[in-house]
*Asks:* 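If you scroll down you'll find the structure; I have some questions about it.
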Amino acid sequence: MSDRERLTTLYIDKESHKFSAAHYTIFAAGERERLHGHNYAVSAKIVAPMGNNGFAADYNVYKDRIKALCDELDEYLVLPADSPYQRIEEDGDEYRVIFGEEQMRFLRSDTLVLPIVNATVEELSRYLLERLLHASRGDDLRELRVCVASGPGQKGCATWRAG
């Protein structure tokens with residue numbers, strides 16, 4: 001056997017890794033979708049070195065981390081904090097969202113304002129990837145990919161690779 005590193009790829013795609021959330025996608029300064037919701041599914045690909053014990057990474061650890069991230073988003077309205085097209089202000093127990101000439105009000109207790117540009121599967125996958133990487137700091141990973149699907153056959157993925 002050579003000294004070359006043996007890498008293994010693990011795929012995690014569990015039925016329990018899902019969340020329901022309301023959102024609207026912003027297309028341009030004056031154009032957005034109507035408020036609606038999706039049942040999102042989250043999956044991951046983990047590339048790590050094979051250990052001497054025949055394991056690369058503990059499935060249960062990553063399953064628990066992904067489930068916890070999904071639970072944090074479940075049954076909320078998701079608003080993008082970093083959109084250049086809308087402004088979000090706190091007003092008592094509400095968020096007041098200014099989008100063009102529109103003003104929308106949402107209960108703060110029902111709403112998550114996330115550090116994303118838009119409430120899309122691409123942005124949600126990047127957000128969850130960053131959160132999973134943070135939770136996995138110290139783990140010996142070579143690549144991590146997180147995908148978020150908003151329906152069958154429709155998903156966005158974000159990938160990190162060790163430099």
Side-chain angles (χ1 to χ4, degrees), residues 1-29 31-33 36-88 95 97 111-163:
M1 174 87 30
S2 73
D3 289 338
R4 191 170 163 185
E5 184 174 54
R6 292 175 36 204
L7 298 177
T8 299
T9 303
L10 304 174
Y11 294 93
I12 299 175
D13 191 6
K14 303 291 288 180
E15 180 69 29
S16 61
H17 294 159
K18 61 186 176 186
F19 64 95
S20 297
H23 84 115
Y24 52 86
T25 300
I26 299 171
F27 299 112
E31 185 182 357
R32 69 171 181 85
E33 291 179 311
H36 65 283
H38 291 281
N39 293 315
Y40 293 96
V42 179
S43 59
K45 171 187 168 186
I46 301 162
V47 179
M50 177 67 84
N52 293 333
N53 61 357
F55 291 103
D58 187 338
Y59 270 110
N60 289 324
V61 168
Y62 287 93
K63 288 189 298 187
D64 290 347
R65 288 175 185 166
I66 294 166
K67 177 77 169 88
L69 291 172
C70 290
D71 288 348
E72 289 176 10
L73 298 175
D74 195 34
E75 297 184 352
Y76 282 97
L77 165 64
V78 173
L79 292 176
D82 301 334
S83 172
Y85 302 120
Q86 72 179 7
R87 194 170 75 246
I88 301 170
Y95 286 115
V97 180
T111 307
L112 292 176
V113 179
L114 300 180
I116 57 177
V117 174
N118 209 342
T120 61
V121 291
E122 298 93 332
E123 281 286 279
L124 290 170
S125 65
R126 183 189 58 78
Y127 170 76
L128 289 173
L129 172 68
E130 290 173 0
R131 297 289 316 279
L132 186 56
L133 275 170
H134 181 75
S136 304
R137 65 188 178 279
D139 292 358
D140 191 13
L141 302 177
R142 298 301 179 268
E143 182 178 322
L144 184 59
R145 182 179 197 188
V146 174
C147 298
V148 175
S150 60
Q154 184 172 304
K155 67 182 173 183
C157 301
T159 304
W160 167 88
R161 289 183 182 90

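Numbers here are sequence positions counted from 1.
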*Asks:* Decide yes or no on side-chain contact (heavy atoms from CB on, under 4.5 Å) for Arg131 and Arg65, but give the supporting numbers first.
*Replies:* CA-CA 9 Å; Arg131 297 289 316 279; Arg65 288 175 185 166; over 6 Å; no

*Asks:* Tell me if the NE2 atom of His134 is crowded by more than 12 foreign heavy atoms within 6.0 Å.
*Replies:*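 No, not enclosed.
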
*Asks:* Once you round to the nearest 0.5 Å, how far does NE2 of His23 lie from CD of Glu33?
*Replies:*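 If we round to the nearest 0.5 Å, His23:NE2 and Glu33:CD are 5.0 Å apart.
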
*Asks:* First locate atom CD1 of Ile26, then atom OG1 of Thr120, and finally report the distance between them rounded to the nearest 0.5 Å.
*Replies:*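 The CD1 atom of Ile26 sits 10.5 Å away from the OG1 atom of Thr120.
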
*Asks:* How many angstroms lie between OH in Tyr24 and CG in Asn118, if you round to the nearest 0.5 Å?
*Replies:*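 Rounded to the nearest 0.5 Å, the OH-CG separation comes out at 9.5 Å.
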
*Asks:* Applying side-chain contact (heavy atoms from CB on, under 4.5 Å), run through Leu124 and Leu114 and close with a yes or a no.
*Replies:* CA-CA 9 Å; Leu124 290 170; Leu114 300 180; 4.1 Å; yes

*Asks:* Can you measure from CZ (Phe27) to CZ (Arg32) and round to the nearest 0.5 angstrom?
*Replies:*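 Between Phe27 CZ and Arg32 CZ, I get 10.5 Å after rounding to 0.5 Å.
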
*Asks:* Compare all side-chain heavy atoms of Val146 with those of Leu69 and state whether any distance is below 4.5 angstrom.
*Replies:*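 Side chain of Val146 against side chain of Leu69, heavy atoms only: no contact under 4.5 Å found.
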
*Asks:* Would you say Arg145 has more than 12 foreign heavy atoms packed within less than 6.0 Å of its CZ?
*Replies:*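 No, because the 6.0 Å sphere around CZ of Arg145 holds 12 heavy atoms or fewer from other groups.
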
*Asks:* Hey, are Glu130 and Arg126 close enough for a salt bridge, meaning a charged N less than 4.0 Å from a carboxylate O?
*Replies:*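 Yes, Glu130 and Arg126 are salt-bridged.
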
*Asks:* Return each pair, listed once, that meets ring-ring contact (aromatic ring centres under 6.0 Å, His included) where at least one residue sits in residues 39-61; pairs must be two or more places apart or across chains.
*Replies:*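 Found Phe19-Tyr40, His38-Tyr40.
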
*Asks:* Work out which heavy atom in Ser16 is nearest to a heavy atom in Lys67; give both atom names and the distance.
*Replies:*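 Closest pair (atom of Ser16, atom of Lys67, distance): O-CD, 3.5 Å.
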
*Asks:* Any donor and acceptor pair, going by atom type alone, linking the side chain of Asp13 with main-chain N or O of Ser43 inside 3.5 Å?
*Replies:*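 No; zero donor-acceptor contacts below 3.5 Å.
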
*Asks:* Which pairs with one or both residues in residues 38-84 pass disulfide (SG to SG under 2.5 Å), sequence neighbours excluded?
*Replies:*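 Non-adjacent pairs meeting disulfide (SG to SG under 2.5 Å): zero.
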
*Asks:* What are the two closest non-hydrogen atoms of Leu112 and Glu72, and how far apart are they?
*Replies:*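 The answer is CD1-O, 3.3 Å.
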
*Asks:* Keeping the roles fixed (side chain from Glu143, backbone from Val47), state whether a donor-acceptor pair exists under 3.5 Å.
*Replies:*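 Between the backbone of Val47 and the side chain of Glu143 there is no qualifying donor-acceptor contact (under 3.5 Å).
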
*Asks:* Would the number of heavy atoms belonging to other residues, nucleotides or ligands and lying under 6.0 Å from NZ of Lys155 be above 12?
*Replies:*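 For Lys155, atom NZ is not crowded (no more than 12 foreign heavy atoms under 6.0 Å).
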
*Asks:* When you measure from the side chain of Asp58 to the backbone N and O of Asn60, does any donor-acceptor pair fall under 3.5 Å?
*Replies:*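 Looks like yes, one N/O pair under 3.5 Å.
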
*Asks:* Closest heavy-atom contact between Ser125 and Gly156?
*Replies:*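 Ser125 and Gly156 have their closest heavy atoms at CB-O, 3.4 Å.
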
*Asks:* OH of Tyr62: more than 12 outside heavy atoms within 6.0 angstrom?
*Replies:*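 Yes, because the 6.0 Å sphere around OH of Tyr62 holds more than 12 heavy atoms from other groups.
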
*Asks:* Does atom CG of Asn53 have more than 12 heavy-atom neighbours from other groups under 6.0 Å away?
*Replies:*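 Buried by this count: over 12 neighbours within 6.0 Å.
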
